Amino acid sequence: MEAVKSNTSPLQNRQRDYWFDNAKAILIITVVIGHLTTGDFSTSQDWVVALKKFIFVFHMPVFMIISGRFAKRRVDTNDWPTVFSKILVPYLVQQTGLLLLYSVLPLYRNDIESFSFFYPLMGMWYMFVLAIYGFISPHLVKYKWLFPASMLLALAIGFLPYTVYGGFHRAITYYPFFLFGYYTADYKFDFCKKPYFRVISIAAFLVTGVYVFLKAKEISYNTLCLNATYIYISKKFGTTELIVFLETALRYLIGFLFFFFTMGITPTKKVPFSYIGTNSAYVYSLHIIVIVLLRAIDARYDILRILTNDFLLALYCLSGIPIAFLLASKPIRKLTQFYVAPSFDLKKIVWQLAVSGRPKKKN
């Protein structure tokens with residue numbers, strides 16, 4: 001969800017590509033809505049759960065593919081200082097900020113008892129895994145078999161009896177999506193803009209949406225999130241590990257396909273919501289605080305009890321749209337830049353230290 005200046009050929013032109021900005025805007029709005037629908041309020045209806053699962057079908061896989069696409073320059077040049085400054089440092093700042101927030105909210109006291117920077121809080125796993133990818137990918141992409149190997153590992157890890165510690169489990173399961181974006185970064189995917197493919201894309205979203213709404217109870221949230229073992233999911237749904245494995249393989253295929261379908265429904269020119277995609281990092285980081293506070297307040301005062309009918313629930317879910325517009329706005333960005341995009345440049349710091357350490361020339 002980084003704000004990256006690029007166009008469809010990101011390695012050759014610094015002009016903004018509103019096609020991908022618009023895609024990020026659509027995706028980050030669904031991220032906010034998805035987190036709003038994950039509340040524990042008792043008035044939640046089946047369609048709210050279905051909406052959440054429908055969103056999780058595509059939003060993070062596609063986001064990760066786009067992230068891999070725009071990370072290509074950093075990976076190819078092994079620009080780890082930028083990864084450190086622009087991803088790892090903001091992650092550490094925001095993870096610490098959430099720790100402080102959790103410590104004053106009774107709802108989250110149990111979550112900080114085993115606190116670790118390797119165990120991302122709330123939705124911070126995305127930044128955590130991006131930092132990992134930024135550090136390891138320059139050393140791995142030289143191997144031609146990396147993508148199939150990452151795919152095999154992502155599928156095989158589900159057979160473990162327990163999930164891998166902290167954010168490392170998702171770092172493994174989402175790596176194929178990141179690599180897909182990296183390896184296809186030079187492709188323009190102009191066919192996604194063709195009228196026939198836009199019709200196909202709309203149909204794909206509609207058909208998938210209807211299927212999820214009809215079969216929501218049979219679809220595993222953990223499979224969609226790629227955050228659990230096969231044995232855990234199989235016990236939960238009364239099925240076998242082999243079935244869960246096959247469903248997970250299908251989940252990956254659908255995730256890859258929805259990258260194209262998402263680009264197929266996305267406007268190519270600047271539109272009123274383009275700036276949300278340009279500043280998606282702010283929406284991502286700040287909406288987590290909004291959700292944390294909302295859940296804590298609801299746990300204490302039961303404020304969501306007013307959601308007594310489908311109309312109010314729909315308004316509640318759709319509130320993710322104005323929330324995204326607000327959090328991406330210029331005043332909010334100015335107020336929160338220290339938290340979302342702290343001013344830290346490792347290259348500059350190292351350079352200044354190197355210059356200051358040089359002996360001064362004698363006149």
Side-chain angles (χ1 to χ4, degrees), residues 23 26-27 30-31 33-35 37-38 49-69 123 125-126 128-130 133 146-164 167-184 200-201 203-265:
I26 293 171
L27 293 168
T30 64
V31 168
I33 293 175
H35 278 142
T37 61
T38 314
V49 177
L51 174 62
K52 175 183 70 174
K53 291 185 177 181
F54 171 62
I55 287 172
F56 276 77
V57 165
F58 63 90
H59 74 331
M60 290 316 301
V62 179
F63 234 133
M64 196 60 74
I65 290 171
I66 293 176
S67 296
R69 180 182 181 87
W125 67 268
Y126 174 80
F128 179 82
V129 301
L130 276 190
Y133 298 161
L146 179 59
F147 179 77
S150 71
M151 194 73 254
L152 289 173
L153 180 59
L155 289 170
I157 197 174
F159 286 108
L160 293 177
Y162 303 102
T163 56
V164 179
F168 293 104
H169 191 92
R170 273 176 163 159
I172 294 172
T173 57
Y174 277 87
Y175 200 32
F177 293 122
F178 179 87
L179 288 176
F180 181 83
Y182 167 82
Y183 285 122
T184 61
I200 292 173
S201 300
F205 270 91
L206 290 174
V207 171
T208 304
V210 171
Y211 179 82
V212 172
F213 273 73
L214 293 176
K215 300 289 187 178
K217 293 182 179 180
E218 302 173 24
I219 299 174
S220 168
Y221 174 76
N222 296 112
T223 298
L224 294 175
C225 294
L226 300 171
N227 65 352
T229 62
Y230 299 151
I231 189 170
Y232 171 83
I233 299 172
S234 64
K235 288 181 178 179
K236 191 174 180 180
F237 282 82
T239 184
T240 65
E241 289 185 65
L242 177 60
I243 294 298
V244 178
F245 164 76
L246 294 174
E247 290 174 344
T248 303
L250 179 61
R251 192 275 171 278
Y252 276 103
L253 176 60
I254 292 173
F256 289 125
L257 288 175
F258 263 89
F259 165 71
F260 301 107
F261 297 148
T262 299
M263 302 313 300
I265 66 168

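What you are looking at is a predicted structure, and each value in this text was computed from that prediction instead of being measured.
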Taking the six-membered ring for Trp, are [X] and [Y] parallel (under 30°), tilted (30 to 60°) or perpendicular (over 60°)?
{"X": "F180", "Y": "F259", "value": "perpendicular"}
{"X": "Y174", "Y": "F177", "value": "tilted"}
{"X": "Y183", "Y": "F147", "value": "perpendicular"}

Within the 4.5 Å heavy-atom criterion, are [X] and [Y] side-chain neighbours or not?
{"X": "V244", "Y": "T239", "answer": "yes"}
{"X": "K236", "Y": "N222", "answer": "yes"}
{"X": "M263", "Y": "V62", "answer": "no"}
{"X": "L51", "Y": "F213", "answer": "yes"}
{"X": "L27", "Y": "I66", "answer": "yes"}
{"X": "T229", "Y": "E241", "answer": "no"}
{"X": "L155", "Y": "Y252", "answer": "yes"}

What is the minimum heavy-atom distance between [X] and [Y], and which atoms define it?
{"X": "P176", "Y": "A154", "result": "CG-CB, 3.9 Å"}
{"X": "H169", "Y": "I157", "result": "ND1-CD1, 3.9 Å"}
{"X": "K53", "Y": "A216", "result": "NZ-O, 2.8 Å"}

So how far is it from [X] [atom1] to [Y] [atom2], rounded to the nearest 0.5 Å?
{"X": "T223", "Y": "I243", "atom1": "OG1", "atom2": "CD1", "result": "11.5 Å"}
{"X": "H35", "Y": "I55", "atom1": "NE2", "atom2": "CD1", "result": "10.5 Å"}
{"X": "K52", "Y": "I219", "atom1": "NZ", "atom2": "CD1", "result": "12.0 Å"}
{"X": "F54", "Y": "H59", "atom1": "CZ", "atom2": "NE2", "result": "11.5 Å"}
{"X": "L206", "Y": "I265", "atom1": "CG", "atom2": "CD1", "result": "9.5 Å"}
{"X": "L179", "Y": "I65", "atom1": "CG", "atom2": "CD1", "result": "10.5 Å"}

* Asked: With distance as the sole test, does T37 use its side chain to make a donor-acceptor pair with the main-chain N or O of G34 at under 3.5 Å?
  ->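 Present.
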
is_close_aromatic([X], [Y]), centroid dist under 6.0 Å:
{"X": "F261", "Y": "F58", "value": "no"}
{"X": "F260", "Y": "F256", "value": "no"}
{"X": "Y182", "Y": "Y133", "value": "no"}

* Criterion side chain to side chain contact (heavy atoms under 4.5 Å, CB included) on N227 and T163, from CA distance to verdict -> CA-CA 7 Å; N227 65 352; T163 56; over 6 Å; no

* Asked: Under the side chain to side chain contact (heavy atoms under 4.5 Å, CB included) criterion, do L130 and S67 qualify, and how do the steps go?
  -> CA-CA 8 Å; L130 276 190; S67 296; 3.9 Å; yes

* Step by step, work out the side chain to side chain contact (heavy atoms under 4.5 Å, CB included) result for L146 and Y175. => CA-CA 10 Å; L146 179 59; Y175 200 32; 4.1 Å; yes

* From CA spacing to verdict: side chain to side chain contact (heavy atoms under 4.5 Å, CB included), R170, C225 -> CA-CA 9 Å; R170 273 176 163 159; C225 294; 3.5 Å; yes

* **Atom OH of Y232: over 12 foreign heavy atoms under 6.0 Å** => no

* Asked: Cut-off 3.5 Å, side chains only: do Y230 and T240 have a donor facing an acceptor?
  -> no

